[in-house]
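Below, each value reflects all heavy atoms present in this structure, side chains not excepted, and no hydrogens, waters or symmetry copies. Remember, it's 1-based here, ligands and their atoms both numbered in the order they're listed.
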Amino acid sequence: MYSAPLNDLRFCMETVVDETQIKGCPALADYDAALRDSVLDEAARFAEQVLEPLYRGGDTEGAQWTAQGVRMPSGYRAAYAQFVEAGWGSLRGRPEHGGQGMPALLSTAVEEMWASSNLAFKLCPMLTQGAAEAIEHAGTDAQRRLFVPRMVRGEWSGTMNLTEPQAGSDLGLIRTRAVPDGDRYRIFGQKIFITYGEHDLTENIIHLVLARIEGAPTGTRGISMFVVPKFLVNDDGSLGPRNDVQCLSIEHKLGIHASPTCVMSYGQAGGAIGYLVGEANRGLESMFVMMNAARLSVGVEGYAVAERAFQQALAWARGRQQGRSPSGPGTAAIVEHPDVRRMLLAMRSQIEAMRALALYAAGQLDIARHHSEPDVRAAAQSRVDLLIPVVKAHCTETGIELASLGIQVHGGMGYVEETGAAQALRDVRICTIYEGTTGIQAADLVGRKISRDRGAALTGWIRDMRAEIAALSGADPTVAEIGGAVRAAIELLDATVVQLVRELIAIPANLMSVSVPFLRLCGVVAGGWLLARQANVAIARLAAGGDRAFLAGKLQSARFYARQVLPQVKSYATIVQQGATSVAEADPALL
Ligand SMILES: Cc1cc2nc3c(=O)[nH]c(=O)nc-3n(C[C@H](O)[C@H](O)[C@H](O)COP(=O)(O)OP(=O)(O)OC[C@H]3O[C@@H](n4cnc5c(N)ncnc54)[C@H](O)[C@@H]3O)c2cc1C
């Protein structure tokens, strides 16, 4: 039933990025509206016709562990082969390694469709790209040649092996050992929760493993990164013998049942052969290189799943008859009841706000990577660094809230599995946990990003938003109404930042006690800012005879957001301004 929101994806891509900045990126010279539209249209077809039909079956059948390896649910092997054949795996890969070099702006929009139609499937290519980028960035020429092109094409998949039973958020506690063995290493240890650690979609799996070389310092400064293939790879690229790596079991979990979450054992039979990637003891730095892209991608998952929940809730609300019609005789479709409309507007408007925010961040990522002017690149990188934790945590937390609202719209039928509304909530629940929990994102935002420059990047962002919104006022009354609400929200954010930098930063426990409310405050304001911008464009396009249903719907969303979502800013600001010591001074023993 999922239908790709192509209108809004295109509209977002046109409104969130300054085209002249993209034109300033020589590597993106081939990118234009025609290319964008053809890629989006093809991706929509693939998502709707290939991935969507596997969504429910993947949940009920799930990935299965067997002694011979993990078996994916019916249809997944064929779909993956089609995915690779159609070149989807290589969309954002670098051309020198067989990739298509598409901008993050476009690949992020495409990833939304994969995540909406089948989140469990999407994780395999996402991790493969991340692992390929890490090898590309930190590996030797030989490692790049042997592994990257086949990963970029999706012929081999990749994994990220960070987590161990005692080392989750705190990777400094990693115990997996690497013992030098000539020009390579023998790896010993156990990793848990490894997504697609084992499966039957590809003939080889390239594991990136964080481990500690014997004698390395304790903590995060003693961690190195290794590439550990499931099958060793000969110099000519052919497959060698099986490496000493096993999937011991897969987890039984709340959602994403088609994605195998594996317990991986390295070195039960003499040591898994691993090759050091990058410098010894600097593995975390190499891993962090792809962190912005990976965190952006998981942030997208939050609203992508909410999008499918919204579409399903809307269809249900249009069909389900309950109560008397407010507008005439007879029973009403529940969409006519104002409270049901409120829930649907809450879903649609926040999804649109999050989509705009994530695509804005993706556009900044492109500019940071590719712009010809160093100053422009640096400014975009600073914006990306600031906003990525916001995208990751805010979009996933909100995604969960909206998937839950989707169930509420269905009433009791949402709570039973039959309608599928529950699956969206079960699936999206992981997104605030993996790739750094919400708490870790918020700590990154206030502890590193803001404390490091004492709020300079944040203040710069506020200044830009303020200038843009000021220029909107006085225009159309709807835009003026939305702009006024956004302006007030920006001022509250600004006042909160002043206090944060002046007082809270000095006492880390106080700062961390309100880090998540502060991050949510940033997320809500960012969404309002971009929706106000979009409302302004929508008015102009309406006047020019643009698509009325879409543009009027956009204005309706933006107006709802201004009136029923943006007021959250007041409570978040109050919590940040007054709530710190109620946590910092609380005694854990009294909980
Ligand atoms: C389905 C699934 C797939 C996964 N895929 C992968 C994968 O492919 N590769 C991989 O390596 N890992 C993977 N993980 C692991 C995932 O990244 C971790 O679960 C996550 O990093 C959190 O670690 P933890 O579970 O040990 O929780 P903990 O670190 O124990 O955290 C528990 C709670 O304490 C909070 N907390 C911990 N430390 C701090 C702190 N310093 N400040 C504030 N709050 C803190 C957390 O926010 C959280 O709320 C996956 C997990 C799941 C469930």
Side-chain angles (χ1 to χ4, degrees), residues 58-59 62-63 70 119-131 134 157-176 189-199 205-211 219-220 223 225-226 228 245 247 249-264 266 283-284 286-288 290-291 294-295 297-298 301 305 389 392-393 396-397 400 426-448 508-519 583-584 588 591:
D59 183 57
V70 170
L119 176 59
F121 179 95
K122 175 254 186 192
L123 295 174
C124 183
M126 176 190 102
L127 285 157
T128 303
Q129 281 163 17
S157 71
T159 68
M160 313 288 289
N161 286 240
L162 287 70
T163 308
E164 298 178 10
Q166 77 296 341
S169 301
D170 186 357
L171 295 170
L173 299 175
I174 279 176
R175 285 191 204 135
T176 295
Q190 195 179 91
K191 295 285 179 180
I192 60 167
F193 296 153
I194 305 308
T195 300
Y196 281 91
E198 172 61 22
H199 59 79
I205 304 175
I206 309 304
H207 302 289
L208 276 191
V209 180
L210 290 187
T220 50
I223 294 174
M225 182 163 80
F226 298 87
V228 186
V245 45
C247 168
S249 61
I250 61 174
E251 304 295 347
H252 301 279
K253 54 195 192 295
L254 184 66
I256 51 167
H257 291 154
S259 164
T261 306
C262 303
V263 176
M264 303 298 297
Y266 293 87
L284 264 190
S286 307
M287 244 345 155
F288 278 125
M290 329 86 51
M291 216 52 115
R295 291 184 168 175
S297 184
V298 175
E301 292 173 8
V305 179
K392 159 65 169 87
T396 55
E397 292 285 345
I400 292 170
R426 288 190 287 100
D427 281 357
V428 78
R429 189 61 192 85
I430 184 58
C431 299
T432 57
I433 297 173
Y434 58 25
E435 204 54 65
T437 62
T438 298
I440 296 300
Q441 303 303 323
D444 179 44
L445 177 67
V446 301
R448 289 179 60 228
N510 284 354
L511 184 64
M512 293 305 169
S513 297
V514 291
S515 56
V516 170
F518 179 73
L519 181 148
V583 175
L591 286 172

Ile194 N/O to ligand 1 N/O under 3.5 Å: no

List every atom of ligand 1 that sits less than 4.0 Å from any heavy atom of [X], numbering the atoms from 1 in the order shown and giving each element.
X: Ile433; result: 19 (O), 20 (C)
X: Met160; result: 7 (C), 8 (O), 9 (N), 10 (C), 11 (O)
X: Leu162; result: 10 (C), 11 (O)
X: Thr195; result: 3 (C), 4 (C), 5 (N), 6 (C), 7 (C), 8 (O)
X: Thr437; result: 22 (C), 46 (C), 47 (O)

Under a 4.5 Å cut-off applied to non-hydrogen side-chain atoms, are [X] and [Y] in contact?
X: Tyr196; Y: Ile205; value: no
X: Leu171; Y: Glu164; value: no
X: Leu127; Y: Thr159; value: no
X: His207; Y: Lys191; value: no
X: Pro260; Y: Glu198; value: no
X: Thr396; Y: Glu435; value: no
X: Leu208; Y: Met287; value: yes
X: Ser297; Y: Lys122; value: yes

Between Ile400 and Arg429, is the side-chain contact (heavy atoms from CB on, under 4.5 Å) condition met? List the steps. CA-CA 6 Å; Ile400 292 170; Arg429 189 61 192 85; 3.3 Å; yes

Return the closest protein heavy atom for [atom] as residue, atom name and distance.
atom: atom 29 (O) of ligand 1; answer: Ser169 OG, 2.6 Å
atom: atom 12 (N) of ligand 1; answer: Thr163 OG1, 2.7 Å
atom: atom 6 (C) of ligand 1; answer: Phe193 O, 2.6 Å
atom: atom 45 (C) of ligand 1; answer: Ile440 CD1, 4.2 Å
atom: atom 24 (P) of ligand 1; answer: Gly168 CA, 3.9 Å

Per-residue contact class, Ile430 against ligand 1 - non-hydrogen pairs under 4.0 Å: side chain

Where's the contact between Thr261 and ligand 1, heavy-atom distance under 4.0 Å: side chain, backbone, both or neither? side chain

Evaluate the 4.0 Å heavy atom contact test for [atom]: does a protein atom fall under the cut-off?
atom: atom 4 (C) of ligand 1; result: yes
atom: atom 9 (N) of ligand 1; result: yes
atom: atom 51 (C) of ligand 1; result: yes
atom: atom 26 (O) of ligand 1; result: yes
atom: atom 35 (C) of ligand 1; result: no

Nearest-0.5 Å distance that lies between atom CD in Gln441 and atom CG in Leu519: 8.0 Å

Contact summary for Cys431 and Leu119, nearest pair of heavy atoms: SG-CD2, 4.3 Å

